[in-house]
Number of protein chains: 2
Amino acid sequence: MTAPSADVRTDAFVAALARAGQRVTLPRQAAARLVAARIGHFTAAQLMEDAEAAGEPIGRATVFRALDLFASLGLVERVDLPDGNHAFVVCRAVHHHHAICTRCGRSVDISDASLGEALAAVERQTGFRMTAHRLELFGLCAECAASGVR
Amino acid sequence: MTAPSADVRTDAFVAALARAGQRVTLPRQAAARLVAARIGHFTAAQLMEDAEAAGEPIGRATVFRALDLFASLGLVERVDLPDGNHAFVVCRAVHHHHAICTRCGRSVDISDASLGEALAAVERQTGFRMTAHRLELFGLCAECAASGVR
DNA sequence: ATGCTAGTTGATACTGTGTCTCATATGGAA
DNA sequence: TTCCATATGAGACACAGTATCAACTAGCAT
Ligand SMILES: [Zn+2]
Ligand SMILES: [Zn+2]
Ligand SMILES: [Zn+2]
Ligand SMILES: [Zn+2]
């Protein structure tokens with residue numbers, strides 16, 4: 001169960017763009033590469049810094065547009081950090097949630113399965129008809145927990 | 001099971017301030033009154049408009065500080081709307097979650113109970129040690145669903 | 001009641017995020 | 001290679017949230 005390499009993930013991004021009939025532009029490829037190289041969650045600002053540092057700066061508007069596009073294709077997902085900041089994580093397309101390490105930022109995809117019944121129960125109790133939900137789990141990953149600090 | 005009136009909720013806010021050893025200032029009382037009068041979720045900007053409209057304007061910084069204070073006392077809670085905006089909802093102090101109507105903004109408190117076991121399972125599977133989580137449910141409340149539109 | 005003081009307020013300035021516009025550049029099809 | 005619909009990015013903008021600091025006030029001591 002080796003995690004896919006950054007190259008493979010970059011290719012997946014590019015392939016997804018083409019499949020969706022979206023142009024594979026240089027800035028989008030650069031963004032894909034930078035996103036794929038990221039370990040945990042990241043903000044739009046961080047991605048811009050990455051681009052700068054990699055010697056291929058991308059305009060601010062383009063970064064936001066690329067991230068929105070990736071999100072609309074299900075390649076990344078927006079998460080709201082506990083401090084209120086907005087970030088993104090790489091992820092699979094099917095609906096699921098994220099466990100995010102508050103120390104290193106690493107995120108693990110969590111199945112939505114366990115929530116289904118709980119959600120139905122809430123609908124029965126409240127009369128609400130749910131159309132969307134957001135579940136974000138924060139804590140320490142095994143590595144960070146083992147290393148003791150914080 | 002009548003919902004508490006705005007007056008009662010205002011008093012609860014003021015009482016909570018005093019109990020916590022916080023000063024009961026005029027702007028804080030005004031903010032408490034305005035928050036208590038709100039039906040669903042609201043933003044800091046909306047609360048400022050409310051204050052303006054009520055003829056007792058409150059400085060922007062003070063609104064943010066009052067809301068932070070209320071949140072630290074568990075009187076309100078920050079929620080992240082699906083559109084990425086930050087808002088607040090009135091709520092009880094014990095940990096729980098919110099079902100929020102995307103049409104009228106009304107929110108219903110949801111018990112955390114159903115999540116406990118699911119959370120433990122995730123910890124077992126991922127090795128994460130969870131320290132916090134956020135669950136927000138979005139949909140249409142019974143009234144809005146009944147009224148048909150959207 | 002009066003004064004005192006630590007805590008609070010709010011005008012202002014500032015940072016940072018995200019959006020909009022539009023002239024220029026370019027991907028990809030023909 | 002040509003062409004044009006689409007994408008880019010500089011710069012201006014709108015807005016959220018924070019920092020500063022002189023003026024004010026709640027609550028306590030007298
Ligand atoms: Zn994911
Ligand atoms: Zn970690
Ligand atoms: Zn609540
Ligand atoms: Zn509703």
Side-chain angles (χ1 to χ4, degrees), chain A residues 13-35 41-52 54-73 75-89, chain B residues 13-35 41-52 54-73 75-89:
Chain A
F13 273 52
V14 171
L17 282 177
R19 198 181 323 124
Q22 296 287 339
R23 286 197 187 171
V24 181
T25 66
L26 256 15
R28 285 176 181 172
Q29 286 176 272
R33 208 174 317 123
L34 294 171
V35 168
H41 56 72
F42 57 91
T43 64
Q46 284 176 322
L47 209 65
M48 258 190 299
E49 286 168 26
D50 287 1
E52 198 86 35
E56 41 191 355
I58 310 179
R60 177 213 288 271
T62 302
V63 167
F64 279 99
R65 287 187 287 229
L67 287 173
D68 285 348
L69 177 58
F70 292 165
S72 76
L73 296 179
L75 301 172
V76 302
E77 192 168 319
R78 277 188 73 143
V79 295
D80 289 294
L81 269 18
D83 65 7
N85 283 119
H86 296 154
F88 293 83
V89 290
Chain B
F13 271 54
V14 171
L17 281 177
R19 198 179 324 126
Q22 295 289 339
R23 286 198 187 171
V24 180
T25 65
L26 256 17
R28 284 175 182 173
Q29 292 181 68
R33 209 172 316 123
L34 295 171
V35 168
H41 57 72
F42 57 91
T43 63
Q46 283 176 323
L47 208 66
M48 257 190 298
E49 286 168 26
D50 288 0
E52 197 86 33
E56 42 191 355
I58 310 178
R60 176 214 289 272
T62 302
V63 167
F64 279 99
R65 287 186 288 230
L67 287 173
D68 285 349
L69 178 57
F70 293 165
S72 76
L73 296 177
L75 302 171
V76 302
E77 192 168 318
R78 276 188 74 144
V79 295
D80 289 295
L81 269 18
D83 64 8
N85 283 109
H86 296 155
F88 293 84
V89 290

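Throughout, a chain's letter reflects where its sequence line sits, starting with A, and its residues are numbered from 1. When reading the values below, keep in mind they use all heavy atoms of this one structure, side chains included, and skip hydrogens, waters and symmetry mates.
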Heavy-atom closest contact (Leu73(A) atom, Ala20(A) atom, distance):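 Of all heavy-atom pairs spanning Leu73(A) and Ala20(A), the closest is CD2-CB, 3.6 Å.
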Length of the [atom1]-[atom2] vector between [X] and [N], whole Å:
{"X": "Phe64(B)", "N": "dT9(C)", "atom1": "CZ", "atom2": "C1'", "answer": "16 Å"}
{"X": "Arg19(B)", "N": "dG27(D)", "atom1": "CZ", "atom2": "C1'", "answer": "19 Å"}
{"X": "Phe70(A)", "N": "dA7(D)", "atom1": "CZ", "atom2": "C1'", "answer": "13 Å"}
{"X": "Leu17(A)", "N": "dA7(D)", "atom1": "CG", "atom2": "P", "answer": "10 Å"}
{"X": "Asp83(A)", "N": "dG17(D)", "atom1": "CG", "atom2": "P", "answer": "12 Å"}
{"X": "Ile58(A)", "N": "dA25(C)", "atom1": "CD1", "atom2": "P", "answer": "19 Å"}
{"X": "Met48(A)", "N": "dT17(C)", "atom1": "CE", "atom2": "P", "answer": "7 Å"}
{"X": "Asp68(A)", "N": "dG18(C)", "atom1": "CG", "atom2": "C1'", "answer": "9 Å"}

Relative orientation of the end axes in the helix from dA1(C)-dT30(D) to dA30(C)-dT1(D), expressed as an angle to the nearest 10° (five pairs per end):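 Between the axes fitted at each end of the helix from dA1(C)-dT30(D) to dA30(C)-dT1(D) lies an angle of 30°.
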For [N], does either OP1 or OP2 sit under 4.0 Å from a side-chain N or O belonging to [X]?
{"X": "Arg28(A)", "N": "dT6(D)", "answer": "no"}
{"X": "Gln22(B)", "N": "dT8(C)", "answer": "yes"}
{"X": "His86(B)", "N": "dA16(D)", "answer": "no"}

Gln29(A), Arg28(A), Arg19(A) screened by side-chain contact (heavy atoms from CB on, under 4.5 Å) with Val14(A), the one that passes: Gln29(A)
Closest-nucleotide 5' rank along DNA chain D - winner of Ala61(B) and Asn85(B): Asn85(B)
Base, sugar-phosphate, or nothing for [X], non-hydrogen atoms under 4.0 angstrom?
{"X": "Arg65(A)", "answer": "base"}
{"X": "Gln29(A)", "answer": "nothing"}
{"X": "Thr25(B)", "answer": "sugar-phosphate"}
{"X": "Arg60(B)", "answer": "base"}

Flag side-chain contact, heavy atom, 4.5 Å: Thr25(B) against Leu17(B): no
Any Asp80(B) side-chain heavy atom under 4.5 Å of His86(B) side chain: yes
Reported [atom1]-to-[atom2] distance for the pair [X] and [Y], which is rounded to 0.5 angstrom:
{"X": "Glu49(B)", "Y": "Thr43(B)", "atom1": "CD", "atom2": "OG1", "value": "7.0 Å"}
{"X": "Phe88(A)", "Y": "Asp68(A)", "atom1": "CZ", "atom2": "CG", "value": "6.0 Å"}
{"X": "Phe42(B)", "Y": "Leu67(B)", "atom1": "CZ", "atom2": "CG", "value": "5.5 Å"}

Any donor-acceptor N/O pair under 3.5 Å between dT26(C) base and Arg23(A) side chain: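 Per atom types, the contact qualifies.
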